[in-house]
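As structure tokens, the structure follows; a few thoughts come after it.
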Amino acid sequence: MSILTVNLAENSYKIHIDSGSLYSLGQHCVSAGLGLRAAVITNPTVKALYGDIVRRSLAEAGCTVSIVEIPDGEEYKNAETLSGVYDALIEAGLDRKSFIVALGGGVVGDLAGFAAATYLRGIPFVQVPTTLLAQVDSSVGGKTAIDHPRGKNLIGAFYQPRLVQIDVETLSTLPEREFRAGLAEVVKYGVAIDRSFFEYLEQNTEAICSRKPECLAYVIRRCCEIKAQVVESDEKESGLRAILNYGHTLGHAFETQAGYRELVHGEAVAIGMVLATRISVRLGHCSEADAERIATLITRFGLGVSPPPFERSRLLDAILTDKKNRDGAISFICNQGVGNYAVEQLLPEKLLTLSGLEV
Ligand SMILES: NC(=O)c1ccc[n+]([C@@H]2O[C@H](COP(=O)([O-])OP(=O)(O)OC[C@H]3O[C@@H](n4cnc5c(N)ncnc54)[C@H](O)[C@@H]3O)[C@@H](O)[C@H]2O)c1
Ligand SMILES: [Zn+2]
């Protein structure tokens with residue numbers, strides 16, 4: 001088992017990465033000092049696959065377990081679903097010594113994390129991510145949120161989990177589309193932060209796409225290491241952490257306006273990254289050759305690189321509502337070639353022009 005630590009003083013926690021680690025979840029929760037009453041928040045899809053394993057593991061470690069189900073889909077990551085979760089937690093009698101287990105992808109993780117951050121002014125929670133995206137990104141770092149009709153993740157809190165337990169085997173049941181969407185976040189780390197990781201991805205594309213377990217374990221470990229380092233240096237996103245938003249400004253805008261079923265998060269991020277490379281080329285941060293290299297890797301991972309049809313005013317509105325908006329200008333993350341980043345303050349109109357979206 002790989003064990004990483006996210007060092008955040010009294011909010012520090014471990015990330016366990018292993019095959020089959022769902023079976024020992026209960027033991028690890030007890031070792032992490034969590035209480036003996038747990039609510040597992042999950043959705044029907046993930047519950048059918050892994051709900052029993054998790055319930056049994058927690059029960060064998062001596063925990064009383066309630067299962068709280070939320071509907072499957074980004075469109076349910078909202079205030080109404082959250083309210084139902086609070087009802088269920090109160091009904092189940094969870095107190096401040098109890099803990100929440102977020103079992104699922106980023107939607108479950110974000111919503112369950114926000115429920116944990118706010119229920120009784122905060123109770124401990126554990127992330128058990130089951131999508132590639134959640135294993136390499138959303139389960140680490142303590143960003144929790146729900147969406148608002150005006151935009152994604154507009155309501156949330158920074159609230160760190162007490163443990164992240166990653167079972168690489170859960171990826172074997174992940175639909176191909178979701179797996180590929182997760183690869184977009186993987187590419188993000190390579191492009192904006194780590195050139196040698198980007199090269200590893202180029203050299204191992206086939207093995208990754210065929211989900212070779214050793215390759216996946218390495219990819220997940222490296223992404224978690226990078227994310228942990230970034231979060232350790234800037235837990236609440238006052239500066240450096242914003243680099244993790246690479247590809248997300250335009251990605252979120254397309255995601256919001258396309259409707260959540262049309263484009264899943266990672267697919268939108270892939271398009272956002274390709275547009276970010278165009279902007280980076282035009283601002284002199286990236287060569288045409290590097291932009292091409294990035295688009296090639298994204299394509300080899302089976303992700304689309306062309307933006308879907310959009311309405312200019314709605315896209316601008318979505319960009320402006322994005323929480324990175326400051327005084328009308330957007331802090332936009334460019335890639336400095338491959339493996340580094342640069343930040344530019346850009347007005348949304350300028351951003352659209354530079355990205356080539358208006359040509
Ligand atoms: N908090 C953060 O730092 C952060 C970072 C990135 C993304 N996010 C958020 O994450 C969300 C996207 O997460 P996601 O891509 O994991 O989507 P998701 O949670 O919707 O999961 C995708 C689909 O896969 C299913 N699924 C999950 N695990 C499975 C498994 N092992 N086998 C079969 N099916 C499985 C789910 O039921 C769902 O239908 C977005 O809401 C995004 O905003 C948050
Ligand atoms: Zn993302």
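Every number for a ligand or one of its atoms is a count from 1 in the order of the listing. Because only heavy atoms are used, hydrogens play no part in the values below, and waters and symmetry mates are left out as well, while side chains stay in.
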Any idea which atoms of ligand 1 are less than 4.0 Å away from a heavy-atom of [X]?
X: Asp72; value: 36 (C), 37 (O), 38 (C), 39 (O)
X: Lys143; value: 1 (N), 3 (O)
X: Tyr50; value: 31 (N)
X: Glu178; value: 22 (C), 23 (C), 24 (O)

Any donor-acceptor pair under 3.5 Å linking the side chain of [X] with the backbone of [Y]?
X: Thr144; Y: Asp110; answer: no
X: Lys227; Y: Val140; answer: yes
X: Arg300; Y: Ala295; answer: no
X: His28; Y: Gly26; answer: no

Over-ring placement of Arg211 relative to Phe179, 6.0 Å and 45° cut-offs | yes
Identity and separation of the nearest protein heavy atom to [atom]:
atom: atom 20 (O) of ligand 1; value: Val107 CG2, 3.4 Å
atom: atom 7 (C) of ligand 1; value: Leu133 CD2, 3.5 Å
atom: atom 40 (C) of ligand 1; value: Glu74 OE1, 3.0 Å
atom: atom 14 (P) of ligand 1; value: Gly106 N, 3.5 Å
atom: atom 42 (C) of ligand 1; value: Lys152 NZ, 3.7 Å
atom: atom 28 (N) of ligand 1; value: Thr130 OG1, 2.7 Å
atom: atom 4 (C) of ligand 1; value: Ser138 CB, 3.2 Å
atom: atom 30 (C) of ligand 1; value: Thr173 OG1, 3.4 Å

Quiz prompt | Ser306 vs Val274 side-chain heavy atoms within contact, under 4.5 Å | solution =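 Contact flag for Ser306/Val274 side chains = no.
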Are any of the side-chain heavy atoms of Tyr246 and Val191 separated by less than 4.5 Å?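 They are in contact (side-chain heavy atoms under 4.5 Å apart), so the answer is yes.
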[X]-ligand 1 polar pair, N/O distance under 3.5 Å:
X: Asp137; result: no
X: Arg241; result: no
X: Val140; result: no
X: Glu185; result: no
X: Lys77; result: yes

At under 4.0 Å between heavy atoms, what of Asp110 touches ligand 1? The answer is side chain
Using a distance-only test with no angle check, is there a side-chain donor-acceptor pair under 3.5 angstrom linking [X] and [Y]?
X: Glu60; Y: Gln27; result: no
X: Thr170; Y: Asp167; result: no
X: Ser238; Y: Asp234; result: yes
X: Asn204; Y: Lys212; result: no
X: Ser331; Y: Gln345; result: yes

Note: Arg180 and Cys209 closest approach over all heavy atoms is NH1-SG, 4.2 Å
Between Ile319 and Pro348, the two heavy atoms sitting closest are CG2-CB, 4.1 Å
Taken by chain and residue number, the protein N/O/S atoms under 2.8 Å from the Zn ion (ligand 2) read Glu185 OE2, His248 NE2, His265 NE2
Apply the test ring pair (Phe, Tyr, Trp, His ring centres under 6.0 Å) to residues Phe254 and Phe310: give CA-CA distance (whole Å), side-chain angles for both, the deciding distance (0.1 Å), then the verdict. CA-CA 8 Å; Phe254 277 107; Phe310 64 92; 5.6 Å; yes
